[in-house]
S.K.: 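Following this message is one structure expressed as structure tokens.
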Amino acid sequence: MSQFKSDFLNILSERGFIHQISDPEALDAQAKAGAITGYIGFDATASSLHAGSLVQIMMLRWMQKTGHRPIALMGGGTTKIGDPSFKDESRKMLSVEQIASNLDGIKQVFTKFLTFGEGATDARMVNNADWLDHLNYIDFLRDYGVHFTINRMLSFDSVKLRLDREQPLTFLEFNYMILQGYDFLELSRRHNCVLQMGGSDQWGNIVNGIELGRRCDQKQLFALTTPLLTTSSGAKMGKTASGAVWLNADLLSPYDYWQYWRNSEDADVTRFLKLYTEMPLPEIARLGALGGSEINDAKKILATEATTMLHGRATAEEAAETARRTFEEGQSAAGLPTLDLDLDAGTGLLAACVAAGFASSNGEARRSIQGGAIRINDQAVSDEKLLLTRAMMTDGVIKLSMGKKKHVLVKPA
RNA sequence: GGGGGAGUGUCCCGAGCGGCAAAGGGGGCGGACUGUAAAUCCGCUGGCUUCGCCUUCGUAGGUUCGAGUCCUACCUCCCCCA
């Protein structure tokens with residue numbers, strides 16, 4: 001991609017955020033000429049965002065850092081519909097109460113990445129329920145429905161998956177892209193917002209908004225999408241076996257968050273450093289060039305920097321130190337998750353494994369033990385009927401582990 | 001309204017002459033090898049008080065010693081005709 005004139009696009013481009021831009025030259029010129037306003041929408045489908053949304057959040061942050069004004073749009077209204085883009089089946093409908101409580105959970109994370117306020121480059125948080133909830137159906141159809149043709153909407157790739165699979169695409173969901181387009185128009189009118197960013201799966205939806213802006217207000221709006229982010233082996237960002245990589249600390253501890261980045265694949269390190277940290281590019285290039293086992297140092301830096309972005313420097317360092325003692329010295333480092341159990345009467349090993357989250361049933365725990373996965377104080381155990389008692393404690397705790405990476409410190413209740 | 005087809009292990013895809021806890025993938029977890037990586041190989045992948053018992057194939061009934069498999073009704077979806 002050629003050099004841009006604006007800092008904003010240059011940085012996004014160099015760091016690998018850009019997949020497509022609707023009219024790069026014109027957007028670049030506007031961003032060069034003065035502060036622009038751009039937004040990204042977030043739907044409230046869960047009580048926390050996960051690592052998959054991190055790229056979007058970082059884009060908003062860069063936007064602010066380069067002198068522009070970011071808007072975080074909460075999908076209080078659109079979540080009631082559910083985005084069908086590239087989904088092979090419809091999502092369960094969320095209750096209004098559920099959406100409201102999800103929004104509360106999601107909001108907190110933005111304050112860590114953005115500075116909110118009323119100033120020219122202060123970030124705003126708005127909720128599309130503010131305008132979507134009160135739309136008058138007939139008026140809306142007459143004013144905006146005329147600008148959309150079914151012919152065109154059916155041509156979008158985002159709905160093809162559903163249609164090709166002969167899965168139902170309800171009229172409710174089909175309206176999602178219209179409402180998202182309308183959001184863009186509304187933000188452009190209310191906040192002079194000219195840019196919508198999002199994942200590449202959002203391209204179709206965003207372009208609809210651009211179209212609407214042109215037709216209704218003769219105004220040029222822009223789209224900028226990020227590449228679909230996967231790990232080198234093709235897994236989606238932000239999902240692991242044990243579930244999503246949540247950003248809220250009450251759902252995923254800073255230690256586990258640090259571990260997520262630490263376990264990145266070699267081939268991803270450079271890309272991730274660019275996207276998920278603010279480290280200067282020359283430094284990243286140096287780290288990325290490390291070969292063999294030295295790249296582990298780069299991964300530790302990635303983990304600590306990425307965790308710092310979310311949880312702060314001190315917490316990140318603490319997670320790094322806990323990991324260092326656990327993995328490099330093999331100690332039962334304080335800072336590992338702890339678990340209170342009855343050690344006087346003794347607690348069965350199976351129950352302890354379930355309580356520690358190593359297994360979801362006794363049967364699963366039993367199989368893990370038979371497979372040699374469970375260790376007590378770093379000694380493999382094979383007796384599934386074993387009782388955990390005070391006699392096993394060293395330094396007041398029993399270290400219970402599964403595999404190389406999962407450890408819990410058991411304390412007397 | 002008429003005709004045809006589909007719904008399988010609560011992660012997904014998907015086989016399944018009436019004997020089935022149900023083939024095979026993918027994914028995941030664990031082990032070996034390594035560098036807390038990748039690749040490769042091996043094991044596990046419904047629940048329990050585990051020599052056995054219990055619950056699973058859209059839902060509810062029925063036939064049968066025995067039903068994911070056959071019959072009936074219903075639900076949901078797809079296609080064709082009206």
Side-chain angles (χ1 to χ4, degrees), chain A residues 84 86-93 159-173 230-245 255-273 287-304 306-307 319-331 333 335-336 348-351 353-354 356-376 378-385 387 400-408:
Chain A
F86 299 98
K87 308 263 179 5
D88 56 4
E89 57 184 23
S90 35
R91 200 157 35 204
K92 262 173 61 182
M93 287 252 254
V159 300
K160 279 201 182 129
L161 176 66
R162 190 77 71 84
L163 298 177
D164 288 348
R165 286 189 161 209
E166 302 187 341
Q167 288 291 315
L169 174 67
T170 63
F171 185 65
L172 173 82
E173 297 173 284
T230 58
T231 67
S232 292
S233 6
K236 275 190 189 149
M237 278 304 294
K239 303 271 187 187
T240 67
S242 32
V245 181
Y255 171 77
D256 287 325
Y257 189 74
W258 192 94
Q259 283 296 326
Y260 173 71
W261 295 107
R262 171 67 244 260
N263 285 310
S264 296
E265 297 169 28
D266 288 8
D268 290 327
V269 172
T270 301
R271 206 156 51 96
F272 286 0
L273 280 168
L287 290 171
L290 293 175
S293 63
E294 285 189 335
I295 198 152
N296 279 320
D297 294 330
K299 290 185 189 179
K300 289 176 202 166
I301 293 171
L302 167 66
T304 303
T307 306
E321 177 59 13
T322 300
R324 193 187 66 78
R325 285 208 301 270
T326 306
F327 286 98
E328 294 175 23
E329 296 178 10
Q331 296 180 354
L336 290 174
L349 182 56
L350 294 178
C353 287
V354 173
F358 293 168
S360 54
S361 68
N362 286 0
E364 197 179 320
R366 191 172 279 122
R367 286 191 291 269
S368 291
I369 292 168
Q370 284 161 3
I374 304 295
R375 279 166 294 129
I376 293 173
D378 298 313
Q379 293 290 311
V381 289
S382 55
D383 179 10
E384 60 190 47
K385 298 219 165 73
L387 283 181
L400 184 64
S401 313
M402 169 161 162
K404 280 180 276 196
K405 298 178 188 174
K406 293 177 199 156
H407 308 281
V408 154

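So that the names make sense, note that chain A is the first sequence line, chain B the second, and so on, each numbered from 1. These numbers come from the heavy atoms of this one structure, side chains and all, not from hydrogens, waters or symmetry mates.
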S.K.: Need one value for A:Glu294: base, sugar-phosphate or nothing, where a base atom within 4.0 Å counts as base even if backbone is also close, heavy atoms only.
M.R.: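 A:Glu294: no heavy atom of the nucleic acid under 4.0 Å.
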S.K.: Considering only atom P, compute the distance from B:C29 to B:A39 and round it to an integer number of Å.
M.R.: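 About 12 Å, rounded to a whole number of Å.
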S.K.: Could you tell me whether the side chain of A:Asn362 has a donor or acceptor atom within less than 3.5 Å of a complementary atom in the base of B:G47?
M.R.: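 Check fails, no donor-acceptor contact within cut-off.
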S.K.: So A:Ile374, base contact, sugar-phosphate only, or nothing? Heavy-atom distance under 4.0 Å.
M.R.: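 Here A:Ile374 touches no strand at all.
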S.K.: If you measure from the P atom in B:A67 to the same atom in B:C75, how many Å do you get, rounded?
M.R.: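 B:A67 and B:C75 have their P atoms separated by 26 Å.
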S.K.: Would you say A:Asp268's side chain and A:Ser264's backbone share a donor-acceptor pair under 3.5 angstrom?
M.R.: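 No; judged by distance alone, with no hydrogens or angles, the pair does not exist.
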S.K.: Atom CZ of A:Phe327 and atom P of B:A37: how far apart are they, to the nearest Å?
M.R.: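 One finds 9 Å between P of B:A37 and CZ of A:Phe327, rounded.
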S.K.: For A:Ser361 and for A:Arg375, find the nucleotide of RNA chain B with the closest heavy atom, then tell me which residue's nucleotide is more 5'.
M.R.: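 Taking each residue's closest nucleotide, the earlier one in sequence belongs to A:Arg375.
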S.K.: If you look at every strand shown and take non-hydrogen atoms under 4.0 Å, does A:Ala359 touch a base, only sugar-phosphate, or nothing?
M.R.: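 If one applies the 4.0 Å heavy-atom cut-off, A:Ala359 turns out to touch nothing in the nucleic acid.
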S.K.: Expressed as a whole number of Å, how far does the C1' atom of B:G16 sit from that of B:C44?
M.R.: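 Roughly 23 Å separates the two C1' atoms.
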S.K.: Checking all strands, does A:Arg262 fall into the base, sugar-phosphate, or nothing category for heavy-atom contacts under 4.0 angstrom?
M.R.: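 Base contact.
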S.K.: Base of B:U45, side chain of A:Glu364 - is there a donor-acceptor contact under 3.5 Å?
M.R.: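 Flag unset: no donor-acceptor pair detected.
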S.K.: Does the distance from a Lys or Arg side-chain N to an Asp or Glu carboxylate O, for A:Glu321 and A:Arg324, drop under 4.0 Å?
M.R.: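 Counted as a salt bridge, because a side-chain N and a carboxylate O are separated by less than 4.0 Å.
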S.K.: Looking only at side-chain N and O atoms, does A:Thr307 offer a donor or acceptor that is under 3.5 Å from a partner on A:Trp261?
M.R.: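 A:Thr307 and A:Trp261 do not have a side-chain donor-acceptor pair below 3.5 Å.
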S.K.: Can you check the A:Asn263 CG to B:A38 P distance for me, whole Å?
M.R.: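 From A:Asn263 CG to B:A38 P: 8 Å.
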S.K.: Assign each of A:Gly363 and A:Lys300 to its nearest nucleotide of RNA chain B by heavy atoms, then name whichever residue's nucleotide is nearer the 5' end.
M.R.: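 Final value for this comparison: A:Lys300.
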S.K.: Using a 3.5 Å distance criterion without hydrogens, assess whether the side chain of A:Asn263 forms a donor-acceptor pair with backbone atoms of A:Tyr260.
M.R.: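 Checking the backbone N and O of A:Tyr260 against the side chain of A:Asn263, no donor-acceptor pair under 3.5 Å is found.
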S.K.: I'd like the P distance from B:C12 over to B:U63, given in whole Å.
M.R.: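 Rounded to whole Å, the distance is 34 Å.
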S.K.: Please give, in whole Å, the distance from B:C29 C1' to A:Lys405 NZ?
M.R.: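 The distance from NZ of A:Lys405 to C1' of B:C29 comes to 12 Å, rounded to the nearest Å.
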S.K.: Of all the choices, B:G35, B:G47, B:U50, which nucleotide is nearest to the side chain of A:Asn296 once you look at every atom?
M.R.: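 Side chain of A:Asn296 sits closest to B:G35.
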S.K.: Within this structure, what is the CG-to-C1' distance between A:Asp266 and B:G35, rounded to whole angstrom?
M.R.: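 One finds 8 Å between C1' of B:G35 and CG of A:Asp266, rounded.
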S.K.: Let me know the distance between NZ of A:Lys385 and P of B:C48, rounded to the nearest Å.
M.R.: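 In whole Å, B:C48 P lies 14 Å from A:Lys385 NZ.
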S.K.: If I pick the C1' atom on B:C51 and the same atom on B:G14, what distance separates them, to the nearest angstrom?
M.R.: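 Going atom to atom, C1' in each nucleotide, I get 34 Å.
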